[in-house]
Amino acid sequence: MKTSDWKQEFREALTGWYREEKRDLPWRHTRNPYHIWISEVMLQQTRVDTVIPYYARFTERFSDMKELAYAPEEELMKMWEGLGYYSRARNLQSSVREAYETYGEVPADPEKFGKLKGVGPYTEGAVMSIAYGIPAPAVDGNVMRVLSRILLIEEDIAKPKTRRLFEEAVMELIDREDPSSFNQGMMELGAVICTPRRPKCLLCPVRDFCGAYHEGREEELPVKSKKKKQQSFPQTVIALRDPEGRWLMEQRPEEGLLAGMWQFPTAETADPEEAVRIISGRHRLTVGPIEEAVRFRHVFTHRIWEVTAYAASVPDRGTPADRSGWFRPEEFDMLTLPNPTKKVRAALGL
DNA sequence: AAGCCGTGGTG
DNA sequence: TCACCAAGGCT
């Protein structure tokens, strides 16, 4: 099938299939570069079904660049709550502000756009091609999987440098008449046909061009080295209630895991007695008898929390440490709570 | 380069 | 249950 113009035939097969069969997704109804930017950031390492409601709320509340650029960070984080990878939101806001103040719009120049915080090689190519029709590579996990099968590329896609190889391949193949449909077609193909396991080759619009299909090796590619498994950490939560029904909450550090988010007092130990000592010392207060409320495991990308949560009463509020305070359950909604904290809150019936 | 950074779905 | 993984980027 690799005739002199197989690349052109491949392009037409892919983009034709995409234009006919693409899923109806909210961000495919707009050509607003800013909205497309938002969608691409939300979609980083995040499933389509998860993103849809967030995208709808976010583009309604922050409908143009100016709205987001000068929104209170507190409100921004509430809109992002539950999506994960919270630095995405902070980088997006600061970059939207920078773009708005510098260019007054999303720059239609890959060099300029790609310099913005939170805009990496993938997002740069995706927004430039989808919003402006610029032929730039948008290589994500889908594209590496699809191309490794079609072109029989055996480099380890877990290695950072491998992405550049695929970017070069995309630039050889991309449809310069419609880079948007080409890039989105590659990703759509990876999402619905050329899946990691049991790819649906019989439904594939480009199987005639696929080396792996011809050799029956579609399940062997791509080559991807294993990541080592996460380490577990004990987390003992002591939820403390004062006589007026307020609960003590702590704000996490501004950097690192769950940066700036709020949680019930927590100590990194499996021993509840030790946790009580740590937390009562931290806030200079006296803790009554503790009662177990819930026990669960929370899995992050790179670590696991083994959480055990207890509730206890305190006779008075002591001297709260910095970055902490007492809140009524109705007031929790003002705080940005990560999922583990939401699980504890639910177990306490708050 | 390799570790950090969330969450939810899946087989 | 558990490993994998999903439209990655930063350091």
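Proteins get letters first, then strands, A, B, ... in listed order; numbering begins at 1 in each.
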Worksheet item: Under 4.0 Å between a side-chain N or O of A:His302 and OP1 or OP2 of B:dC5?
Response: yes
Worksheet item: Which is true for A:Gly82 with a 4.0 Å heavy-atom rule: it touches a base, it touches only sugar-phosphate, or it touches nothing?
Response: sugar-phosphate
Worksheet item: Can we say A:Arg19 and A:Glu12 salt-bridge, meaning some charged N sits less than 4.0 Å from an Asp/Glu carboxylate O?
Response: no
Worksheet item: Hey, does A:Thr301 reach any base, or is it just sugar-phosphate, or nothing, if we go heavy atoms under 4.0 Å?
Response: base
Worksheet entry | P-based separation of B:dG8 from C:dG9 [nearest Å] | 22 Å
Practice prompt. Could you check whether A:Arg252 gets within reach of a base, just the sugar-phosphate, or nothing at all, counting any heavy atom under 4.0 Å?
Written response: nothing
Worksheet entry | A:Tyr86 side-chain N/O to B:dT7 phosphate OP1/OP2 under 4.0 Å | yes
Practice prompt. Check every strand shown and say whether A:Trp80 touches a base, only sugar-phosphate, or nothing at a heavy-atom separation below 4.0 Å.
Written response: nothing
Practice prompt. Select base, sugar-phosphate, or nothing to describe what A:Leu25 touches, counting heavy atoms under 4.0 Å on all strands.
Written response: base
Discussion item. Please confirm whether the shortest side-chain N or O distance from A:His298 to OP1 or OP2 of B:dT7 is below 4.0 Å.
Written reply: yes
Worksheet item: Between B:dA2, C:dC5, B:dG6, which nucleotide gets closest to the side-chain atoms of A:Arg197?
Response: C:dC5
Worksheet item: Between A:Phe332 and A:Trp262, does the ring centroid distance fall short of 6.0 Å?
Response: no
Item to complete: Is it possible for you to check whether A:Arg90 lies under 6.0 Å from the centre of the six-membered ring of A:Tyr86, through NZ or CZ, and within 45° of that ring's axis?
Response: no
Worksheet entry | P spacing across the pair B:dG3 / C:dC4, given as an integer number of angstrom | 15 Å
Worksheet item: Does the distance from a Lys or Arg side-chain N to an Asp or Glu carboxylate O, for A:Arg145 and A:Asp140, drop under 4.0 Å?
Response: no
Worksheet item: Reckon A:Thr123 touches a base, only the sugar-phosphate, or nothing at all at heavy-atom distances under 4.0 Å?
Response: sugar-phosphate
Item to complete: Output the single nucleotide from C:dA6, C:dG8, B:dA1 whose closest atom is nearest the side chain of A:Gln44.
Response: C:dG8
Practice prompt. Compare side-chain N and O positions of A:Asn339 against OP1 and OP2 of B:dG8 and report whether any pair is under 4.0 Å apart.
Written response: yes
Discussion item. Whether A:Arg145 contacts C:dA6 is assessed here as follows: a side-chain N or O lying under 4.0 Å from the phosphate OP1 or OP2. Is that the case?
Written reply: yes
Item to complete: Mind checking A:Leu258 for me? I need base, sugar-phosphate or nothing, with any heavy atom below 4.0 Å counting as a touch.
Response: sugar-phosphate
Practice prompt. Using a cut-off of strictly less than 4.0 Å, decide whether A:Gln45 has a side-chain nitrogen or oxygen near OP1 or OP2 of C:dG8.
Written response: yes
Discussion item. Over all strands shown, is A:Arg90 touching base, sugar-phosphate only, or nothing at heavy-atom distances under 4.0 angstrom?
Written reply: nothing
Fill in: Lys NZ or Arg CZ of A:Arg303 over A:Phe233 ring: under 6.0 Å, within 45°
yes
Response to the item:
The nucleotide from C:dC10, B:dT7, B:dA1 with an atom nearest the side chain of A:Pro160 is B:dA1
Item to complete: Indicate, with a heavy-atom threshold strictly under 4.0 Å, whether A:Val51 touches base, sugar-phosphate, or nothing.
Response: nothing
Discussion item. Give me the distance, rounded to whole Å, that separates C:dA6 from B:dC5 when you measure between the P atoms they each carry.
Written reply: 22 Å
